[in-house]
Amino acid sequence: MSDRLKDTVQLPQTDFPARAGLADMEPRWLAQWADQPQKKSDAPRYRLHDGPPYPNGDIHAGHALNKVVKDVVCRSRHMMGHRIDFQPGWDCHGLPIETQVIKKKSVDASDSVVFRNQCQAFAQDYVARQRTEFQRLGIEANWDQPYLTTHPDYEAHVVSVFGQLVDAGLVYHGRKPIHWCTCCKTALAEAEIEYDTHQSVSVTVRFPLSELPGVSTDLPVSLWVWTTTPWTLPANVGLAVHPNLEYGVFDLGTEVAVVANTRWAALSETLGVSGQCLATLYGRDLEGCVASHPFLDQPAPIGGADFVTDSDGTGIVHIAPGHGVDDYQVGQYYGWDVVMPVDDSGCLTQGDWAGQFVFKASPQIRDHLNATHRLVHSATIQHAYPHCWRCHNPVIFRATPQWFIAMDTPMPNGKTLRAMAMESLSSIQWVPEWGKTRIQAMLEQRPDWCISRQRRWGIPIPVVRCQSCGEPALTPAVNAAIQTAVRTHGSTVWFEQSAAEILPATTTCAACGSQAFEKVMDILDVWFESGSSFMLDPEPADLVIEGTDQHRGWFQSALLLALAVRKEPPFKAVMTHGFIVDEQGKKMSKSKGNATKPEQIVQSYGADILRWWVASVDVKDDVQLSPQLLDQAKQAFLKIRNTIRFLLGNLNGFSGDRVSVDALAPLDRWIVHRAQTVHDAVVLDYEGLAIHRAVQRLVQFCSGDLSAHYLDSVKDRLYCDAPQSESRQCAQSTLAYLFELLIRMIAPILVFTAEDAYQYYAFKTNSSVHDLTFLDPGAHSTALAQQEADTTWAAVFSIKEQVYQAAEVLRQNKVIKQFLQTQVAITLPESLAHLQTFTEWRSVLLVAEVTCSVDETVTDPVVSVTPVAHKKCDRCWRYDATVSDQVCARCAHVMEVVQ
RNA sequence: GGGCUUGUAGCUCAGAUGGUUAGAGUGCACGCCUGAUAAGCGUGAGGUCCCUGGUUCAAUUCCAGGCAGGCCCA
């Protein structure tokens, strides 16, 4: 009997599989998409410019997050009617690849050309791997034509940018201290330094001072200065104090000493002296005073610097700009010389200790200080000190010739690069807004940009020098010739051909008239390369999206170079995201976290779930990643997928002729209106780059309005009303509206699942879901639906909640098993009198009977829920007064019609 | 140490120009259904809104200082 009845019920039916099977399904779609030809479009272009990742390993979760965010943005913009231009890039030069190649024993690192070819092969290998890995995530991009910083055309662009900076007067040759290994006679990058303990001679030295503001004494006055590198004293050009520290002037009986107040106790104890404090000065009071060098006949002016501390020493430091980064910056600020009397092998070149190795000179200088009564105290200390990673010898800081971009030199337009950069910030949209504050502070403080490196895997600094007089030939013609050579042969040409082969034959030194030139063998800072990527397109990018570390990195290098060359920023908007951290909010360590490799996530969960996780979290802050969170993403994903499957199943047999929204049943009108409202809000979320809000909205809509309220209610009509009845046509029309809206909302995120589901939709208008655009705002929201939403539905659902709370009590008391077995009496207040004629009480509440009355003495609705005595219809399972012969009147009628 | 930044239910997120009982989804517990079934529905429990101090009639919200994270510097 029940089987026969079941045959008359229209249950959902679809071939859209119950199980996602993403691991199999996703690659099938990738293959299919790859086969499709590129579509032409004259829609307005939207260009998201890709910040190039570094190809020296497989992609990690951070890469995945970055590219998925970009992809969701691009795809959603596409659905807003744009033609997307997304060219992925890779930043292929640089030290990490050099060092990884050097570690390979098979490589001959002595030959630059061979070495560079090895680096090239290494980079290309990882570009290919990363590309495959990104593609597997469903990232849509111009994968066939990525930009690589090693591509000859790109390299030529970079050479051109350098030339234009020269023309703008921004490039200069100067000196800057860098780590230098005196044993290997080479510059070392930070990454090539390892810290080890080292024994140093420390000295506390007197720097005599003839006058001190507000202090009068007949005794000799001196500033006491502590240093662990006495060998740098010959290169001293001044002293630095902290402007806000207090300095005491101490009378020791035979002399007067100036040191930081907070250091005096420790110092007087160490030295066994006592003294009386004559005065206290702030560091800023000392600024501008001039002391004398302890043994050279030269002044030692006093400057202020924030890096000075009173944690050790005397609170006064000696400044040798040729031998320290801090020193260098203070020196730059005050315009002090970069004195650097040390040669390649670490030997002093001038003065009494000329020819002496620096670490041997230190004790000699100490002895000299002692002999001349300039030494206050001396000791031997053990401390962590930088050592060379290759030979493990201690390294020194040594100023070497470098190329710079001037931040504060006016360009032909009269503005400095710094000023232009600061001004440009407000013309750029920063998401989140504090990105502007962040980069602003960095731009304000940054020193001139040192763009040269003493390495081999990079684009050479395109500079030649006159062999006779050493003058660089920085002319447009020379730059053009180098561009041509690089574009034709790649930048390795610099290591293969002589200057004469590269330059035009007529090149003549402007200074001395010589025609013999030699190449400068430095390479460019990789940030200069990636920062030149604006050259790929004549227009600024609409948007860039990178981690917040790029406020110092790429955003800044790109901004500075584009402003110098184009006088406009390279991007209109900058969105930043945070970093991936573990369950405790701590940064990811390489030792653990194999569960967080994108590859494994894709394998065990699927790319759509990884994408859903990315989309569901607020990426402007750091985001946590763990299996638990992926499981949660999977749950939400399945909810959405199931909902879509239910829609598809119940659209089975639908003609596709959708009933217009106003002609639908009120409940249908409401859910279509709701779905449209959510759709419109989701589109705005996408547009405002708040993807996680779109996801929250979507999930809450699916679980709340759709699943709990609408779909549960509409099942009776779908399953039990006559197949072609108007009521069922309305229901199916509604499901079609819902599907159309829902599939669009998820398409930018669940790129595979949306495409897969769309193929099972019988009324699709495009072959791919990814060719669809969003619907116009309010496309399916009528004035009537809006009015009903305002006046009816909130009250109805609030009453539903009341009814269920009351019904739950009956169920707990075992009076009923199901809510279907109840009848409900609703007493409405005057204000809700219009709900008395509401026609859908029964299907909304899913109970047997509903009666409504109005009572002006109540202020809120009152409900009474009681068991009903009706029999259950064996077909529709509702309890109904008309049940006879096991089915209700409606079902009896339907069965007649069907047969 | 400095610049920027984060801290609201177990989790992901909302929210309040300062004002009743701080919300949603998910997870969890209990129950229902077995015609969305490796699904669906209902009810419920869950919060010192990081801490301390200040301003205020009133602070999770504003201010200051801490604590714990993150990025970038030093």
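Just so it is clear: chains get the letters A, B, ... in the order the sequence lines come, proteins before strands, and each one is counted from 1.
Taken from CG in A/Leu5 to CE in A/Met895, the straight-line distance is 5.0 Å, to the nearest 0.5 Å.
Here the side chain of A/Gln624 is nearest to one of B/U12, B/A14, B/G42, namely B/U12. Across B/C4, B/C33, B/A36, the shortest atom-to-atom separation from the side chain of A/Tyr719 is found for B/A36. Nearest to the side chain of A/Phe819, among B/G42, B/G70, B/U26, sits B/G42. You'll find that the side chain of A/Val617 is closest to B/U12, out of B/G35, B/G44, B/U12. Closest to the A/Gln632 side chain, of the nucleotides B/C13, B/A39, B/G25, is B/G25. Nearest to the side-chain atoms of A/Lys586 among the listed nucleotides B/C32, B/G70, B/G44 stands B/G70. Closest to the side chain of A/Ser616, out of B/G35, B/U12, B/G42, is B/U12.
Searching all strands for a Watson-Crick or G-U wobble partner of B/C49 with both distances below 3.5 Å returns nothing. In this entry B/A14 has no Watson-Crick or G-U wobble partner, no candidate having both defining distances under 3.5 Å. B/A9 is unpaired under the criterion used here, namely a Watson-Crick or G-U wobble arrangement in which both key atom distances are under 3.5 Å. Nucleotide B/G1: paired with B/C73 (Watson-Crick or G-U wobble, both distances less than 3.5 Å).
Note on A/Lys639: a side-chain N or O is less than 4.0 Å away from OP1 or OP2 of B/C41. Side-chain N/O atoms of A/Lys715 include none lying less than 4.0 angstrom from OP1 or OP2 on B/G35. Side-chain N/O atoms of A/Arg811 include none lying less than 4.0 angstrom from OP1 or OP2 on B/G42. Here A/Thr437 does not reach the OP1 or OP2 of B/G3: none of its side-chain N or O atoms lies under 4.0 Å away. The phosphate of B/G35 has OP1 or OP2 within less than 4.0 Å of a side-chain N or O from A/Lys6. For A/His242, no side-chain nitrogen or oxygen approaches OP1 or OP2 of B/G1 to under 4.0 Å. Taking side-chain N and O atoms only, A/Arg641 has no distance below 4.0 Å to OP1 or OP2 of B/A38. For B/U26, neither phosphate oxygen OP1 nor OP2 lies less than 4.0 angstrom from any side-chain nitrogen or oxygen of A/Lys634.
A/Arg717 places a side-chain N or O within 3.5 Å of a backbone atom of A/Ser727 that can act as its donor or acceptor partner. A donor-acceptor distance shorter than 3.5 angstrom exists from the side chain of A/Ser616 to the backbone of A/Trp613, with no hydrogens or angles considered. Of the possible donor and acceptor atoms, one in the side chain of A/Ser557 sits under 3.5 Å from a partner among the backbone N and O of A/Trp527.
B/G42 has no stacking from A/Tyr804 on its base ring, since the centres under 5.5 angstrom apart and planes within 30 degrees of parallel are not both found.
For a distance-only test at 3.5 Å, the side chain of A/Arg645 fails to qualify as a donor-acceptor partner of the base of B/A39. Counting atom types as modelled, A/Gln700 pairs a side-chain N or O with a base atom of B/A24 as donor and acceptor under 3.5 Å. Contact of A/Gln696 with B/U12 (side chain to base): a donor-acceptor pair of N or O atoms is detected under 3.5 Å. In this model, a side-chain donor or acceptor of A/Ser707 finds a partner on the base of B/A36 within 3.5 Å. For A/Gln818 against B/C32, a side-chain-to-base donor-acceptor contact under 3.5 Å is absent.
Stacking of A/Arg641 on the aromatic ring of A/Phe16 is recorded, both the 6.0 Å distance cut-off and the 45° axial limit being met.
Straight-line distance from the CZ atom of A/Phe701 to the C1' atom of B/G25: 14 Å, rounded to whole Å.
Looking only at side-chain heavy atoms (C-beta outward), A/Gln556 and A/Trp449 stay at 4.5 Å or farther from each other.
Residue contacts shown for A/Leu638 are absent, as no nucleic acid heavy atom lies under 4.0 Å away.
Across all their heavy atoms, A/Ala320 and A/Thr232 have their closest contact at CB-O, 3.9 Å.
No close placement of the A/Trp877 and A/Tyr719 rings is indicated, their centers lying 6.0 Å or farther apart.
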Mind listing the N/O atom pairs, protein and nucleotides 27-29 of chain B, below 3.5 Å?
from: B/G27; atom 1: OP1; to: A/Gln635; atom 2: OE1; distance (Å): 3.4

Quick one: which protein N/O atoms are closer than 3.5 Å to N/O atoms of nucleotides 72-74 of chain B? Pair and distance per line, please.
from: B/C72; atom 1: O2'; to: A/Arg552; atom 2: NE; distance (Å): 2.6
from: B/C73; atom 1: O5'; to: A/Arg552; atom 2: NE; distance (Å): 3.4
from: B/A74; atom 1: O3'; to: A/Asp326; atom 2: OD1; distance (Å): 2.6
from: B/A74; atom 1: O3'; to: A/Asp326; atom 2: OD2; distance (Å): 3.4

Next item on the list: Could you walk me through whether A/Asp880 and A/Arg842 pass salt bridge (Lys or Arg N to Asp or Glu O under 4.0 Å), step by step?
Entry: CA-CA 11 Å; A/Asp880 195 276; A/Arg842 193 182 176 195; 3.0 Å; yes
